[in-house]
There are 2 protein chains.
Amino acid sequence: MRITRKSDYGLRAMCELAKSHGRSPISITEVAAAQGIPDPFLEKIMQELKSAGLIAATHGRGGGYSLERAPNQISVREVIEALEGPMALVTCLDPALKCMIEDGCPTSSFWALINERFEQALGATTLADLLQRIPGSHSPKHTIPEESGLVQ
Amino acid sequence: MRITRKSDYGLRAMCELAKSHGRSPISITEVAAAQGIPDPFLEKIMQELKSAGLIAATHGRGGGYSLERAPNQISVREVIEALEGPMALVTCLDPALKCMIEDGCPTSSFWALINERFEQALGATTLADLLQRIPGSHSPKHTIPEESGLVQ
DNA sequence: CTACAATCAGATGCGAAGATGAGAATCACC
DNA sequence: GGTGATTCTCATCTTCGCATCTGATTGTAG
């Protein structure tokens, strides 16, 4: 019941790129230093984000990574799913697997509901939204639409 | 970003106990068979649930486990936290650790908000609520959206 | 050509998931 | 009341995937 480090790092890295969007690309070393992420691990993460088409890489001196789209056009959900595949809070929700308990599984529909609300919340938030709320850590609640709340 | 198997199994086991609440206790073997959980793993889980005071064990013939409280008095959140400790979607939310990035961490407050909603949703649902949902008569069998267009 | 930065191929440490087997408590029954 | 069946309890061991590191290779600007 925890976001993997991969997703955590990946999202923070994307935010770092978003900060400098429009300017020159940023190297892995810079991102890693700014966000306290181990270099080699970040490298793999960036690779996957690039495969998903979220970021672009430029080789050589002065090179690095940059966003493929504007920060307000990239949702948190896209970043997470690029790194972890389709959202599935519980293994039985994973499309790749199927729930063994045919009927009478008391938790599947519950988890499915939570999962759906989770998806909505992450899908409704963009990198630009995240950057807007950094300063005070106590921030306005209107950033995430109420309908996407996890509580019914 | 996935509920651990431990929590998944633990919650299903608690539901199984809730079904027979008031009657004689149920053995690990029975619960494991009913929910498709490996016996030895379930044993450890039950041990932790017992330490948390959620269930009681009786030895010997006809023994097994039973709920310490009524199903409508035990929330999903209690079960999960008994097995995983305090909820923390991201490591930096864990009370035991602290976020290294002093200021400017763009994601911490976002995750904190999601985490809070998660807590509320799990805290507001009891084992009795879960059991009411199972029949499958009215709620469709959570058919998984096949073609999930992730990156759009 | 050379310094810089991404790319690629491995090996390692660690914790979760699951397996195995021996031991201790309780009950049924003779 | 002792014997054995049943069930929880406890310690240890493998397996597997995540997180991390090391080093070599390729591509690009100056």
Say whether, by atom type as modelled, one donor and one acceptor occur between the side chain of A:Glu78 and the main chain of A:Ser75 under 3.5 angstrom. yes

How many Å lie between CD1 on B:Ile26 and P on D:dC8, as a whole number? 11 Å

So which one's nearest nucleotide on DNA chain D is more toward 5', B:Ala57 or A:Ser7? B:Ala57

Separation of atom CG in B:Leu42 from atom P in D:dT9, rounded to whole Å: 12 Å

Return a single string for nucleotides 17-30 of chain C, one symbol per nucleotide in 5' to 3' order, where B is base contact, S is sugar-phosphate-only contact and - is none, cutoff 4.0 angstrom on heavy atoms. SBBB----BBSS--

Please state how far atom CZ in B:Arg2 lies from atom C1' in D:dG17, giving the value in whole angstrom units. 12 Å

Stepwise, does the side chain to side chain contact (heavy atoms under 4.5 Å, CB included) test hold for B:Met14 with B:Ile55? CA-CA 9 Å; B:Met14 288 294 280; B:Ile55 61 178; 3.6 Å; yes

B:Asn115 (side chain) donor-acceptor with B:Leu89 (main chain) under 3.5 angstrom: yes

I need the CD-P distance between B:Glu48 and D:dC8, as an integer number of Å. 16 Å

Mind checking which stems touch DNA chain D? I mean at least 3 consecutive Watson-Crick or G-U pairs, both distances under 3.5 Å. C:1-30 with D:1-30

B:Ser20 side-chain N/O to B:Arg23 backbone N/O, donor-acceptor pair under 3.5 Å: no

Any chance you could measure B:Arg5, atom CZ, to B:Arg12, atom CZ, to the nearest 0.5 Å? 9.5 Å

Over how many whole Å does the gap from A:Lys50 atom NZ to C:dA5 atom P extend? 17 Å

Using modelled atom types only, decide if a donor and an acceptor are shared between the side chain of B:Thr58 and the backbone of B:Gly63 within a distance under 3.5 Å. no

Nearest whole angstrom, please: distance from the P of D:dC8 to the OH of B:Tyr65. 6 Å

A:Gln47 CD to C:dA5 P, in whole Å, measures 17 Å

Would you confirm whether B:Arg2, through its side chain, and A:Ala88, through its main-chain N or O, come within 3.5 Å as a donor-acceptor pair? yes

Backbone of A:Ser27 reached by a side-chain donor or acceptor of A:Glu30 within 3.5 Å: yes

Among pairs that include at least one residue of residues 48-75 of chain A, which meet ring pair (Phe, Tyr, Trp, His ring centres under 6.0 Å), considering only residues two or more places apart or in two chains? none

